[in-house]
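One structure is given here, and the rest of the page talks about it.
Each chain gets a letter, A, B and so on, in the order the sequences are listed, and its residues count up from 1. Side-chain atoms are counted along with the backbone in the values below, which use heavy atoms only and exclude waters and symmetry mates.
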Amino acid sequence: MTVADMIQVTHAKVLLGADQLDRQISSAFCSDLMSDVLAFVTEDTVLITGLMNPHVIRTSEMLDLKCILFVRGKTPQADILEAAEEMGLVVLSTTESAFTTCGQLYAAGLRGITMRGQGGN
Amino acid sequence: MEGLIHEEYYVNKGDYVTAGSASADMKRKLRQLGVSALVLRRLAVASYEVELNLVIHSLGGKLIFDVDSTGVTLISTDKGPGIPDIEMAMREGYSTANDEARSLGFGAGMGLPNMKRNADEFSIESQPGVGTTITMRFLL
Ligand SMILES: Nc1ncnc2c1ncn2[C@@H]1O[C@H](COP(=O)(O)OP(=O)(O)O)[C@@H](O)[C@H]1O
Ligand SMILES: [Mg+2]
């Protein structure tokens with residue numbers, strides 16, 4: 001699906017990247033634990049998280065992620081948004097819970113990343 | 001062989017806000033050198049993990065990057081407190097991280113195994129009361 005599809009399905013607000021709505025999203029990973037994001041993500045994926053601090057952006061930078069979807073109404077402060085903008089990230093925010101957001105995206109056809117030691121999901 | 005790039009970054013204990021800036025800076029430099037996206041990501045992840053460990057667990061230390069024509073060597077060396085049981089520390093899930101690190105999304109005990117997985121070569125030496133040195137090599 002595209003970023004535009006994700007927005008439609010989750011009713012998310014676009015905080016950054018309104019010019020990248022046609023970007024393709026091929027998988028998703030949801031976690032508030034950046035340790036696990038760093039340990040499991042090896043592909044371009046959307047990061048769905050309720051954690052809000054500069055290390056969410058820095059973790060995305062290390063992994064070359066292009067899109068973050070904040071859940072539970074988390075809205076980044078100016079310094080966090082600035083860092084994300086510098087990287088050209090798409091940043092979305094929804095007031096829904098992680099569970100509901102993931103369910104909406106799954107129902108619309110999006111799938112999780114390929115986990116280590118598994119062929120797919 | 002004459003190195004292409006030699007960089008050193010000092011990393012302070014407890015400097016949670018800037019943790020990762022050395023790794024981000026090095027990643028930009030290596031991208032400019034034309035290092036492939038795959039190697040760049042593996043190196044950046046391992047470097048970020050080892051940099052976070054200096055901030056969270058060490059009394060302060062430094063990161064040394066050496067780039068030559070066949071790869072990148074990354075050395076993290078610190079001034080203590082050292083790791084009493086390396087085998088235990090290398091296990092997924094083992095962590096002595098404090099609440100501050102955990103509140104930022106770290107301290108899941110995944111860092112050292114993640115470094116080992118991402119690096120082409122990995123070695124760790126530690127002496128309690130003296131310090132820890134981790135050497136990683138990434139082939140280009
Ligand atoms: N540079 C270091 N100095 C002292 N102890 C360290 C250092 N790096 C790692 N450790 C120890 O090894 C453990 C495991 O590290 P790691 O796998 O990165 O997990 P985490 O950082 O999440 O705790 C740490 O909790 C800490 O006890
Ligand atoms: Mg760690």
**Asked** Which atoms of Thr18(B) come close to chain A, meaning under 4.5 Å heavy atom to heavy atom: side chain ones, backbone ones, both, or neither?
**Response** backbone
**Fill in**
In this structure, CG of Leu33(A) is separated from CG of Leu104(B) (nearest 0.5 Å) by 11.5 Å
**Leu51(A) portion near chain B, given a 4.5 angstrom heavy-atom threshold** = side chain
**Asked** Under the 3.5 angstrom rule, does the side chain of Arg58(A) hit a backbone N or O of Tyr48(B) as a donor-acceptor pair?
**Response** no
**Message:** Heavy-atom cut-off 4.5 Å, strictly under: side chain, backbone, both or neither for Ala46(B) against chain A?
**Reply:** neither
**Request:** Counting only heavy atoms closer than 4.5 Å, note whether Asp64(A) contacts chain B via side chain, backbone, both or neither.
**Result:** both
**Asked** Is a salt bridge present between Arg41(B) and Glu43(A), judged by a nitrogen-to-oxygen distance below 4.0 Å?
**Response** no
**Asked** So which part of Leu38(B) gets closer than 4.5 Å to some heavy atom of chain A, the side chain, the backbone, both or neither?
**Response** neither
**Asked** Does any heavy atom of chain A fall under 4.5 Å from the side chain of Ser47(B), the backbone, both, or neither of them?
**Response** neither
**Message:** Check the orientation of Phe106(B) and His55(A). Use parallel for under 30°, tilted for 30 to 60°, and perpendicular for over 60°.
**Reply:** perpendicular
**Arg116(A)/Glu92(B) salt bridge by N-O under 4.0 Å criterion** = yes
**Asked** Which atoms of Thr49(A) come close to chain B, meaning under 4.5 Å heavy atom to heavy atom: side chain ones, backbone ones, both, or neither?
**Response** neither
**Prompt:** Which bit of Ser31(A) is near chain B, if near means a heavy-atom gap under 4.5 Å: side chain, backbone, both or neither?
**Reply:** neither
